[in-house]
Enquirer: 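Before anything else, here's the structure in question.
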Amino acid sequence: MNVSIRQIHPVFVGEVSGIDISRRLSRDEIAAVEAGMDRYAVLVFHDQKLTDEQQMAFSRNFGPLEDARGGNITRPEDKRLQVGMNDVSNLGKDGRPLDRESRVRLFNLGNMLWHSDSSFRPIPAKYSLLSARVVNPVGGNTEFADMRAAYDALDADTKALIEDLVCEHSLMYSRGSLGMLDYSEEERAMFRPVRQRLVRTHPVSGRRSLYLSSHAGGIVGMPMPEARILLRELTEHATQPGFVYVHRWRPSDFVMWDNRQMMHRVRRYDESQPRDMRRTTVAGDAPTTVQVQAVSSA
Ligand code: OGA
Ligand code: MN
């Protein structure tokens, strides 16, 4: 095995070489990637030409895939990709860019807000893995913010204030902040708010991190405006340039990140041109409100 990982940002992000993720990996290779995730939280791989089957097989090395139902408003019959694949492209089933007024397109614009994938689910996602099949000619960078570095840099009073806070997350909050306020009864039921701790501890490294997301729209026991101001302040703090890595996509790039410790967002791009990005998501293993204690005290 000759996997090697080089840190490419002052506080996080590893660039991986010496591995072909389209193939079945050895135990050592899987362990090396896992250790890289625990340490760097975002891993970048170049020149990984993948089929959807290969992407799903690689992702399953790190746990079962998340059940994607309930995470978007695309009807099953309108889906472009098979079950197991999350379509984060700007394309419809016909392979062409969605119309400007398309509700699916407008909903997907929410990916341009800082978020952690599936924080609106009772058990939120562990890893997300994103494969660049067609890169857009203008913009479309993906940015990552390190919520461990952000937590570490808080002052002691703020750390004490937020230690045991629990937030309410819903897709209706993130989309509501974009002015999308109309949902069917069925969608409202699907988007019912869920509770997540604001401070998480990583099960392997023991590092603490801020668990923020555009889906967070309230804090249990706190008046709404006060909660929203606090969440905004923390988000501004957490996404300052020193904690952010900007990924400029090349075709066949593959990036995986740990949603428990990172936020991300995509930047605007030319939506008249295709941007075909395909994500797989590894499921989390427990609700954040019953946080598993760290195995190490590092
Ligand atoms: C995602 C996401 C960003 C992008 O896949 O979860 O937010 O660059 N995508 O498309
Ligand atoms: Mn996302």
Side-chain angles (χ1 to χ4, degrees), residues 13 37 41-45 48 50 52 55-56 58-59 62 65-74 79-81 84-92 97-98 104-121 124-147 169-171 173-175 177-178 191 196 211-216 235 238-239 244-271 273-284:
V13 190
M37 286 297 283
V42 178
L43 293 179
V44 173
F45 304 71
Q48 303 288 338
L50 299 175
D52 291 351
Q55 180 172 349
M56 288 190 284
F58 173 72
S59 305
F62 310 103
L65 300 186
E66 185 176 84
D67 178 349
R69 280 174 299 186
N72 55 63
I73 57 167
T74 311
K79 292 217 156 118
R80 188 175 68 103
L81 306 179
M85 299 298 298
N86 300 88
D87 193 355
V88 286
S89 74
N90 63 336
L91 307 173
L98 295 163
V104 170
R105 166 186 174 255
L106 298 175
F107 192 85
N108 291 346
L109 290 181
N111 284 335
M112 295 185 180
L113 301 172
W114 284 111
H115 65 283
S116 176
D117 288 334
S118 296
S119 75
F120 52 83
R121 296 183 191 279
K126 181 184 174 192
Y127 297 163
S128 288
L129 308 94
L130 191 57
S131 159
R133 307 297 175 85
V134 176
V135 172
N136 192 262
V138 185
N141 294 336
T142 305
E143 300 182 343
F144 297 89
D146 188 336
M147 298 295 103
H169 293 236
S170 166
L171 278 162
Y173 293 140
S174 48
R175 273 50 185 182
S177 77
L178 298 180
F191 299 157
Q196 309 289 4
Y211 193 43
L212 292 167
S213 187
S214 58
H215 310 305
T235 302
T239 57
V244 173
Y245 163 70
V246 178
H247 188 73
R248 298 176 175 82
W249 293 96
R250 293 190 242 151
S252 303
D253 272 358
F254 186 86
V255 177
M256 63 190 286
W257 63 92
D258 186 341
N259 287 295
R260 302 169 300 183
Q261 324 190 68
M262 295 293 120
M263 280 207 290
H264 63 281
R265 67 173 177 184
V266 56
R267 306 314 306 268
R268 278 191 307 115
Y269 56 93
D270 178 358
E271 290 186 71
Q273 304 288 323
R275 179 176 188 270
D276 190 351
M277 308 293 290
R278 303 186 184 195
R279 192 183 92 206
T280 35
T281 316
V282 175

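Order of appearance sets the numbers: ligands from 1, and atoms from 1 within every ligand.
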Enquirer: Provide the closest heavy-atom pair for M262 versus A41 in the form atom of the first, atom of the second, distance.
Expert: CE-CB, 3.2 Å

Enquirer: So, regarding T142 and ligand 1 (criterion: nitrogen or oxygen to nitrogen or oxygen, under 3.5 Å), is there a contact or not?
Expert: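 Checking ligand 1 against T142, an N or O pair does fall under 3.5 Å apart.
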
Enquirer: Does an N or O anywhere in H115 fall below 3.5 Å from an N or O of ligand 1?
Expert: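 Checking ligand 1 against H115, an N or O pair does fall under 3.5 Å apart.
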
Enquirer: On a heavy-atom basis, I'd like to know which of R279, M277, R275 is closest to atom 10 (O) of ligand 1.
Expert: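 Selected option, by shortest heavy-atom distance: R275.
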
Enquirer: Is a salt bridge present between R133 and D52, judged by a nitrogen-to-oxygen distance below 4.0 Å?
Expert: yes

Enquirer: In this structure, which one of S118, S128, S59 forms a side-chain contact (heavy atoms from CB on, under 4.5 Å) with E66?
Expert: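 The option that passes is S118.
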
Enquirer: Which ligand 1 atoms are under 4.0 Å away from a heavy-atom of H264?
Expert: 1 (C), 2 (C), 6 (O), 7 (O)

Enquirer: Does the gap between the ring centers of H264 and W257 come in under 6.0 Å?
Expert: yes

Enquirer: Quick one: which ligand 1 atoms are inside 4.0 Å of a heavy atom on N111?
Expert: 7 (O)

Enquirer: Of all the non-hydrogen atoms in the protein, which one sits nearest to atom 9 (N) of ligand 1, and at what distance?
Expert: L130 CD2, 4.0 Å

Enquirer: Hey, what's the angle at the Mn ion (ligand 2) spanning NE2 (H115) and NE2 (H264), nearest 10 degrees?
Expert: 80°

Enquirer: Restricting to N, O or S, what is the name of the atom of D117 that lies nearest the Mn ion (ligand 2)?
Expert: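 This residue's closest N, O or S atom turns out to be OD1.
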
Enquirer: Tell me, do R265 and T142 make a side-chain contact under 4.5 Å, heavy atoms counted?
Expert: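 Side chain of R265 against side chain of T142, heavy atoms only: no contact under 4.5 Å found.
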
Enquirer: P251 versus V134: any side-chain heavy-atom pair under 4.5 Å?
Expert: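 When only atoms from C-beta onward are counted, V134 and P251 do not touch, as no gap falls below 4.5 Å.
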
Enquirer: Relative to the heavy atoms of D117, which atoms of ligand 1 are at a distance of less than 4.0 Å?
Expert: 6 (O)

Enquirer: Are the side chains of Y211 and P124 in contact, using a 4.5 Å heavy-atom criterion?
Expert: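 Sidechains of Y211 and P124: in contact.
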
Enquirer: Atom 3 (C) of ligand 1: which protein heavy atom is closest, and how many Å away?
Expert: V266 CB, 3.7 Å

